[in-house]
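As structure tokens, the structure follows; a few thoughts come after it.
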Amino acid sequence: MSALAETTAALAFPSREYFAALAGLMNANRARQEQLGYIDCTAVFSVTEADDDGATRHFRITFEEFSAIAVDEVTAEEATAADFALSGSLATWRTMLESIAAGAGRPALEQTLNYLSHLGTPLKLVAADPLKSDLYFRYNQSLQEFFNASSALATRFDG
Amino acid sequence: MSVRIHEMNPLPAALHEQELAGYEAAYRNHYQAWAEVLARNVEAIRRGSYSLHWMETGEARWGKRAKPSSRGMTYADINRIRGYGDLPEQATWFNFAPRGAVRDRYRDDMPVIGDYTVTDKNELWAENVITLYEEAKARKWNATRDIPWDEVEALPEDLEKATAQLCTFLTEVEFVAGDFPAKWLYRIPQDFLEVKSFLATQLMDEARHQEVFRKRALSCGGLLHAAPGFEWALAAILEAPTHTMGTFLLNVLGEGLVLSIFRSGEMIAKTHVDKEIFRRCLQDEARHVSYGVMELKSYIAGHPQREAAIEELHRFCDVGEQVILTAFTEPALIEPLAVLLGGGLKYIDQGMEGIRHVWTMFINEYLQRCECAGFDRRTRCTIPLEFPWGAAA
Ligand SMILES: [Fe+2]
Ligand SMILES: [Fe+2]
């Protein structure tokens, strides 16, 4: 666990605060974003079976240039307006985030975003058209590093 | 000491006699304009006489102040300036005089480059081309430094050979992905400078892909087998009769397939090094695919004989899809993929099941991309929608 994680109260996943913290980490590391290049898209990360009642929660991140400029929890309807959504169960997201934490920012081979989403399960990529889903591929390294930064957070899974 | 003539070495023949003679004849005898320009210039210099005509702004679009946007000065920013951002539907300038410069009055004294043959905007334009150009520059990476090469580790022999074979295929493919835009880049007149700029980034991307797969193969074993099936598919791309047809075959079908292979490559990579390589490459490839889809869309939407253009594209696809299929059915591609998907030579059968899934996914994505461009290929597609592995067994 990183020094930051030790000194910070654990953040619940999924929550708007959690994604806001990831956005904060991304924005704090602008030099890295400038190396990776522009990321211009609105992405939704959907967490199914997010609680005991089986609810689905959607978190919309607006990326522009080198930053995450907005983080919102949105309704299912609002989520459809994003460029693409990446959807999976809480258990899937949890395993991925725990893998990133265990690897100090680098997930195990079978826990990268592309690995989990390539065959449509356990993460599913949803987009209105192929040009929109191609954005997920065009910015894949940046999106991967967006989640890799979670190793600096202490994470709590309440679901 | 005397030397007999027959013992002397013959004088070397002119190295490029024919080509040089042709060039001399053209510039000394055929073209007159440059000699007249030179004579005029020399005369003015000898007289010590200034012209200063280049300071006249009567015909110029002078006095503009292009404003940068948040990310700097982009083509989109300067194209907002009247008279600079207007692309012709049909190019009529076949030399290097820049769009927006004072050039009309010099037209008759300027050369005409006959190789600029792609004159229709709808044979090359895509709405997203400026965005993709900026993105390509911003997201460039370096195959020498950005891959953690010091972490390369040897895999078990079957997986290592499968990885090396996949790298051999990809190295072969990346060459045509660079040569195709290179061929057409040179055919596109200067007025379409935004497209030329984007194609230059695609060239650089493909050079980097060729480089990274060659380095990966040589970092652990070496290259394995080239394949006739790959070669015919690549030749069909390079020799496509028009820019739009070739862009369709390369960027939409071919690179759509390569994007699927990169995504599969990232998924089946057995090391972090390989994952990083595939992830970096798939980002570039998705840009190329996006250009292809939007170029096709613009071609179809803007074509004055839309139905005939679509029918012609179908006719081209009937051949093109089949030739591309020669690569996608090559044992030198599908077998190493199956070994990697399955996790070893012992599990190649399970790997073939994985390929069945990837095949269906790829064909669906291909058809969706066509549809998105306004080209309904669903009922005409000549590639089987399902992987026919063992169908005749
Ligand atoms: Fe490539
Ligand atoms: Fe490409």
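Sequence lines set the chain letters: A, B, ... in the order given, protein chains first and strands last, and positions in each chain run from 1.
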Distance, nearest 0.5 Å, that separates [atom1] of [X] from [atom2] of [Y]:
| X | Y | atom1 | atom2 | result |
| --- | --- | --- | --- | --- |
| A:Asp134 | B:Arg287 | CG | CZ | 12.0 Å |
| A:Leu36 | B:Lys140 | CG | NZ | 12.0 Å |
| A:Tyr38 | B:Arg139 | OH | CZ | 11.5 Å |
| B:Leu341 | A:Leu119 | CG | CG | 8.0 Å |

[X] portion near chain B, given a 4.5 angstrom heavy-atom threshold:
| X | answer |
| --- | --- |
| A:Tyr139 | both |
| A:Ser133 | neither |
| A:Gln144 | side chain |
| A:Leu135 | neither |

Below 4.5 Å, heavy atoms only, C-beta onward: do [X] and [Y] meet side chain to side chain?
| X | Y | result |
| --- | --- | --- |
| B:Glu371 | A:Asp129 | no |
| B:Arg71 | A:Asp40 | yes |
| A:Asn114 | B:Arg279 | no |
| A:Leu131 | B:Cys372 | yes |

* Asked: Does B:Gln283 reach the main-chain N or O of A:Asn140 with its side chain, forming a donor-acceptor pair under 3.5 Å?
  -> yes

* **Flag, side chain of A:Arg138 to backbone of B:Leu132, donor-acceptor distance under 3.5 Å** => no

Does atom [atom1] ([X]) have a neighbourhood of more than 12 heavy atoms from anything else shown, all under 6.0 Å?
| X | atom1 | result |
| --- | --- | --- |
| B:Glu151 | CD | yes |
| B:Tyr75 | OH | yes |
| B:Trp389 | CH2 | no |
| B:Lys137 | NZ | yes |
| B:Lys297 | NZ | no |

* Taking all heavy atoms of B:Ala269 and all of A:Leu109, pick out the closest pair and write down the distance. => O-CD1, 4.0 Å

* Asked: How close do B:His272 and A:Pro107 get, heavy atom to heavy atom, and via which atoms?
  -> CE1-O, 3.1 Å

* Asked: When heavy-atom pairs shorter than 4.5 Å are enumerated against chain A, which of B:Thr271, B:Val289, B:Asn128 gives the highest number?
  -> B:Thr271

* In terms of heavy-atom pairs under 4.5 Å with chain A, which of B:Glu285, B:Arg280, B:Met361 leads? -> B:Arg280

* **Those residues of residues 64-82 of chain A, ordered by number, that approach chain B below 4.5 Å (heavy atom to heavy atom)** => A:Glu64, A:Glu65

* Asked: Of all the residues in residues 257-265 of chain B, which have a heavy atom that comes within less than 4.5 Å of a heavy atom in chain A?
  -> B:Leu259, B:Ser260, B:Arg263, B:Ser264

* Residue selection (most heavy-atom pairs with chain B, distance under 4.5 Å) from A:Ser142, A:Ser117, A:Ala108 -> A:Ser142

